[in-house]
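Proteins come first, then strands; the chains are lettered A, B, ... in the order of their sequence lines, and each starts at number 1.
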Number of protein chains: 2
Amino acid sequence: MPRGQCRGQGWWHGKFRGCGYRITLGREAVLDVLSSCGGHLSAEDIFIKVHSKYPNVGFTTIYRTLDVLCGLGMVCKLDFGDGRARYELAEGPKGARHHHHLVCTGCNKVIDYTDFIDEEVDLLRQTEKGLEKKYNFKINDHVIQFYGLCDKCRKEGGKDAGF
Amino acid sequence: MPRGQCRGQGWWHGKFRGCGYRITLGREAVLDVLSSCGGHLSAEDIFIKVHSKYPNVGFTTIYRTLDVLCGLGMVCKLDFGDGRARYELAEGPKGARHHHHLVCTGCNKVIDYTDFIDEEVDLLRQTEKGLEKKYNFKINDHVIQFYGLCDKCRKEGGKDAGF
DNA sequence: CTCCTTATTGAAAATGGTTTCCATTACCAA
DNA sequence: TTGGTAATGGAAACCATTTTCAATAAGGAG
């Protein structure tokens, strides 16, 4: 029954087992949270949500699971410069469409934007190709982020969380 | 004699005093290191260099000074995702020209590149304007970075520092 | 279904970069 | 020179993340 399992409880079970990983409660819980809540969750956010439903799942498991999921390319680890990593489901069967991030350094709010994405991706692809050739790099990833003050923080007089 | 002091020992003294900051040994030492060594120095790198010349200057002062310098826009704090911040002199009298970063996730080597910078900056400026308008943000900064494996790490078989 | 191997787990301790505390020191305007 | 106050250093605190290790449980073999 692999066909058609792209949605449903276990769309990722096959991939998981295929890579030699076991399906466990903790892993299911983490994936549940990631797919039911919006993006940009910190490990702590995820822990709190998972823990409220499954009090036996510990912090360590959250980190370890996120690590596995990143390794499988199912989750993206994000860094908004506030000293804690954020995680979001990667694009794919249930993932969101490609986007970049606009980060408020006042309140740490993050806006996903898709405006200009096409132009950005075009330029990035072109730049990647040029850089790979010139420096003989194998480029696997890129980061584009804008930092600034959001509407609300501008009005409250540019206090700034720094970094 | 402020005129013409853009180069020389104390080109930044005026700016510093003007902002109410005092000129101290530690601050001079940090700026010396930053301008005599290339970019991408970690706080520890800077501490080691400063400390070898002025053993009385402590780690705390390095961090505090870097913080002040960032606040004045004289230094940029960089994040290459390896868990420690890097610092480099911002553009200006003695600063390097605008560039972006290509980071090897194998050995953490960082290449400054200026290729495609003009196109990138054009696109960024345009995107910034659009985002500012749409989301009523005041954008102050951006990050563009590429991650991958450098020539050497590719050959050694894609071991990856992760993050 | 049961057994067995071994991946996975939780709790607590360790780690490591960065920040804070606080009593002491030293800029620099007057 | 001096006084007020910014700046300092060393140690302790912080805090997200990782490691350790004995206990647990997933899931293939039988």
*Do K134(B) and D115(A) sit within salt-bridge range, that is, some charged N less than 4.0 Å from a carboxylate O?*
yes
*Among dT17(D), dT20(D), dT19(C), which is the nearest nucleotide to the side chain of T60(A)?*
dT20(D)
_Non-hydrogen side-chain atoms of F16(A) and V68(A) separated by less than 4.5 Å_ = yes
_Residue that, paired with D112(A), satisfies side chain to side chain donor-acceptor pair (under 3.5 Å) out of H98(A), R97(A), H40(A)_ = H40(A)
*For the pair made of CD1 in I48(B) and P in dG17(C), what is the distance, rounded to whole Å?*
11 Å
*asked:* Distance check needed: dG16(C) C1' versus F59(B) CZ, whole Å only.
replied: 10 Å
_Just the rounded figure in Å: distance from P of dT15(C) to CD of E44(B)._
16 Å
*Of I62(A) and D67(B), the one whose closest DNA chain C nucleotide lies more 5'*: I62(A)
*Within less than 4.0 Å of OP1 or OP2 of dT17(D), is there a side-chain N or O belonging to Y63(A)?*
yes
*Is there a side-chain contact between H101(B) and F80(B), using heavy atoms and a 4.5 Å cut-off?*
yes
_Nearest-Å distance for atom pair CG/P, residues L41(B) and dG17(C)_ = 15 Å
*Spacing between H13(A) atom NE2 and dG27(D) atom P, to the nearest angstrom*: 9 Å
*For atom CD of Q126(A), decide whether the heavy atoms of other residues, nucleotides or ligands shown that lie under 6.0 angstrom number more than 12.*
no
_Nucleotide dG17(C), atom C1' - distance to NZ of K77(B) in whole Å_ = 10 Å
*Mark up nucleotides 25-30 of chain C, 5' to 3', with B wherever a protein heavy atom is under 4.0 angstrom from a base atom, S wherever such an atom reaches only the sugar-phosphate, and - elsewhere.*
-BBS--
*Think R84(A) has a side-chain N or O under 4.0 angstrom from the OP1 or OP2 of dC15(D)?*
no
_Atom-pair distance (CD on E28(B); C1' on dA7(D)), nearest Å_ = 14 Å
*Please say which of L31(A), L34(A), L66(A) ends up in a side chain to side chain contact (heavy atoms under 4.5 Å, CB included) with M74(A).*
L31(A)
*Counterpart residues, side-chain contact (heavy atoms from CB on, under 4.5 Å), relative to F47(B) (two or more places apart)*: H51(B), F59(B), I62(B)
*Round to a whole Å and report the spacing from CZ of F47(B) to C1' of dT19(C).*
16 Å
*Between dT8(D), dT20(D), dT17(D), which one does the side chain of R64(A) approach most closely?*
dT20(D)
